[in-house]
Amino acid sequence: MSAASIALFTSDLRVHDNPVLHAAAKGTGGVVPLFVLDDGVRAAGFDVPNRRAFLADCLADLDEALRARGGRLVVRTGDVVEETARAAAEADARDVHVAGGVSGYAHRREERLRRALEADGRRLHVHDAVVTALAPGEVTPAGKDHFAVFTPYFRRWQAERHRDVLRAPRRVQVPEAAGSGPVPRRRDVSGVSPGLAAGGEVEGRRRATAWMGAPLRRYAQGQDDLAGDATSRLSPHLHFGTLSAVELVRRAREAGGDGDGGEAFVRQLAWRDFHHQVLAARPAAAHTDYRARYDRWRRDEQEAEAWRAGRTGYPIVDAAMRQLAHEGWMHNRARLLTASFLTKTLYLDWRLGAAHFLSLLVDGDLANNQLNWQWAAGTGTDTRPNRVLNPLAQAKRFDADGAYVRRWVPELADVPGLEGGAVHQPWKLKPAAARAKADYPDPVIDLADGLARFKQARGLE
């Protein structure tokens with residue numbers, strides 16, 4: 001009988017198409033499906049209520065899936081390296097399997113794990129293309145370690161053969177010696193956004209199956225419609241790994257055929273991979289400018305708090321920020337316009353906005369959150385770094401009738417007009433009594449003034 005192995009779950013909380021679990025379960029000596037509630041993640045501030053609650057759903061679902069196959073999830077709390085080494089010793093496991101990560105923390109964790117395990121005569125196996133569809137570094141431009149521009153990356157990404165989709169194991173045998181703490185429960189988490197979605201692989205696969213029909217085919221036409229809510233909402237499941245990016249690419253290509261919707265959705269999955277390969281090559285981009293613009297960001301806590309609270313006086317911005325607070329999630333178009341407003345109209349540091357997003361977003365992924373913020377701020381990979389998204393123009397294009405604003409800014413729900421002009425510019429309401437009745441703040445800044453200040457700061461005039 002061969003020695004046991006450990007499948008160390010991180011951002012891959014699923015049994016379907018999981019190379020980590022697949023490899024660990026191959027032997028006849030049993031497998032320890034291990035998840036460590038990592039002190040390092042908590043110390044870094046990433047263990048926030050919305051993600052903690054979603055994680056609890058994911059772990060409970062994973063435990064059920066493993067029990068249906070004769071196994072169970074082993075949960076430990078503490079330092080991930082110490083707990084993994086301890087679990088390996090208890091089960092006499094020779095091999096530990098884990099998904100490759102891209103952050104500086106993931107790199108350090110991997111190196112610490114390797115040293116600790118080798119000191120005990122054990123081996124660490126790091127598996128690529130578990131969290132992403134294509135592993136970071138799988139494709140690179142000549143003479144460089146990563147792509148800095150998306151379009152050439154996407155061409156190579158499309159041409160590359162992705163790995164095969166793996167079946168879920170039929171049986172998982174867990175050694176009796178593998179002791180476990182309790183599986184966390186969502187109901188024990190406080191401070192959760194009231195509209196937070198449910199987590200877990202079963203829920204993720206249900207959503208994915210529903211998405212792979214008519215919604216996918218309509219995606220290219222409706223992806224920016226704020227009120228239409230025509231995006232997949234699968235990002236939390238990709239972040240926690242309850243869905244496989246490899247499997248989603250394959251299913252989208254099969255379901256979408258040659259249609260624009262399937263292509264547009266696959267492009268978004270590639271955009272996610274793009275940011276992962278940037279961060280893998282440049283881990284410091286999580287907190288420093290990827291491309292320095294030598295900004296001297298303003299410091300104005302009053303304006304920053306108005307932005308966080310959804311009280312800027314620009315309804316489309318405020319609607320988006322309130323959706324974030326209520327759901328722990330925000331429409332992608334809304335993320336772009338709120339980030340542009342903070343960094344270019346208010347000229348406040350992108351790190352301030354990125355930190356607020358990470359405090360609430362259930363899909364708060366370091367690579368995608370930080371690098372999308374840098375893209376919006378013009379310090380990232382955008383080839384037009386000084387573009388400014390005018391919130392009124394964005395509202396006219398993507399919330400023409402004001403339905404999104406009326407949903408999330410109830411003070412303006414009764415503003416008349418089927419077209420969104422009045423609801424997007426409530427400071428123009430007449431008479432004055434109508435404005436007062438709305439109980440909504442005046443704009444924190446004039447857009448023209450903000451634009452002029454940004455251009456001057458960037459040396460554009």
Thinking salt bridges, do [X] and [Y] make one under a 4.0 Å N-O criterion?
X: D63; Y: R67; result: yes
X: E263; Y: R267; result: no
X: R156; Y: E160; result: no
X: R112; Y: D79; result: yes
X: D164; Y: R161; result: yes
X: D145; Y: R282; result: yes
X: R108; Y: E111; result: no
X: E411; Y: R322; result: yes
X: R384; Y: D382; result: no

Does [X] reach the main-chain N or O of [Y] with its side chain, forming a donor-acceptor pair under 3.5 Å?
X: Q277; Y: P136; answer: no
X: D38; Y: G40; answer: yes
X: R351; Y: H287; answer: yes
X: R186; Y: D57; answer: no
X: R51; Y: L361; answer: yes
X: N50; Y: L360; answer: yes
X: K344; Y: L451; answer: no
X: N18; Y: D12; answer: yes
X: S340; Y: L337; answer: no
X: R52; Y: D47; answer: yes

Derivation of the side chain to side chain contact (heavy atoms under 4.5 Å, CB included) call for L59 and F9: CA-CA 10 Å; L59 295 178; F9 289 94; over 6 Å; no

To the nearest 0.5 angstrom, please state how far the [atom1] atom of [X] sits from the [atom2] atom of [Y].
X: D399; Y: Y404; atom1: CG; atom2: OH; result: 8.5 Å
X: L73; Y: L34; atom1: CG; atom2: CG; result: 8.0 Å
X: L13; Y: H239; atom1: CG; atom2: NE2; result: 9.5 Å
X: R207; Y: H237; atom1: CZ; atom2: NE2; result: 5.5 Å
X: H331; Y: L324; atom1: NE2; atom2: CG; result: 14.0 Å
X: E327; Y: L196; atom1: CD; atom2: CG; result: 9.0 Å

Determine the interplanar angle of the [X] and [Y] rings, folded into 0 to 90°, and report it as parallel if under 30°, tilted if 30 to 60°, perpendicular if over 60°.
X: F274; Y: Y153; value: tilted
X: H326; Y: W408; value: tilted
X: Y347; Y: W297; value: tilted

Shortest non-hydrogen separation from T381 to A148 and the atoms involved: CB-O, 3.4 Å

Distance-minimising heavy-atom pair for P236 and F54: CB-CZ, 3.7 Å

Can you confirm whether the side chains of [X] and [Y] place a donor and an acceptor under 3.5 Å from each other?
X: R272; Y: S235; answer: no
X: Q223; Y: T231; answer: no
X: H22; Y: D17; answer: no
X: E247; Y: H16; answer: no
X: D295; Y: W350; answer: no
X: D318; Y: Y440; answer: yes
X: Y314; Y: Q425; answer: no

Ring centres under 6.0 angstrom apart (Y290, H275): no

Exceeds 12 heavy-atom contacts within 6.0 angstrom, atom CZ of R397: no

Would a 4.5 Å heavy-atom cut-off, applied to side chains only, mark [X] and [Y] as touching?
X: R308; Y: E303; result: no
X: L429; Y: W427; result: no
X: I316; Y: L226; result: yes

Cation-pi geometry met for R233 and W329 (6.0 Å, 45°): yes

Test ring pair (Phe, Tyr, Trp, His ring centres under 6.0 Å) applied to Y219 and W211, step by step: CA-CA 10 Å; Y219 177 64; W211 170 251; 5.4 Å; yes

Candidate pair R335 and W373, rule side chain to side chain contact (heavy atoms under 4.5 Å, CB included), full reasoning: CA-CA 9 Å; R335 299 186 198 204; W373 266 97; over 6 Å; no

Residue pair R14, F240: steps toward the side chain to side chain contact (heavy atoms under 4.5 Å, CB included) verdict: CA-CA 9 Å; R14 62 183 186 270; F240 284 93; over 6 Å; no

Stepwise side chain to side chain contact (heavy atoms under 4.5 Å, CB included) test for V249 and W157: CA-CA 11 Å; V249 170; W157 186 95; 3.8 Å; yes

Stepwise side chain to side chain donor-acceptor pair (under 3.5 Å) test for T209 and R251: CA-CA 9 Å; T209 297; R251 292 182 67 180; 3.1 Å; yes

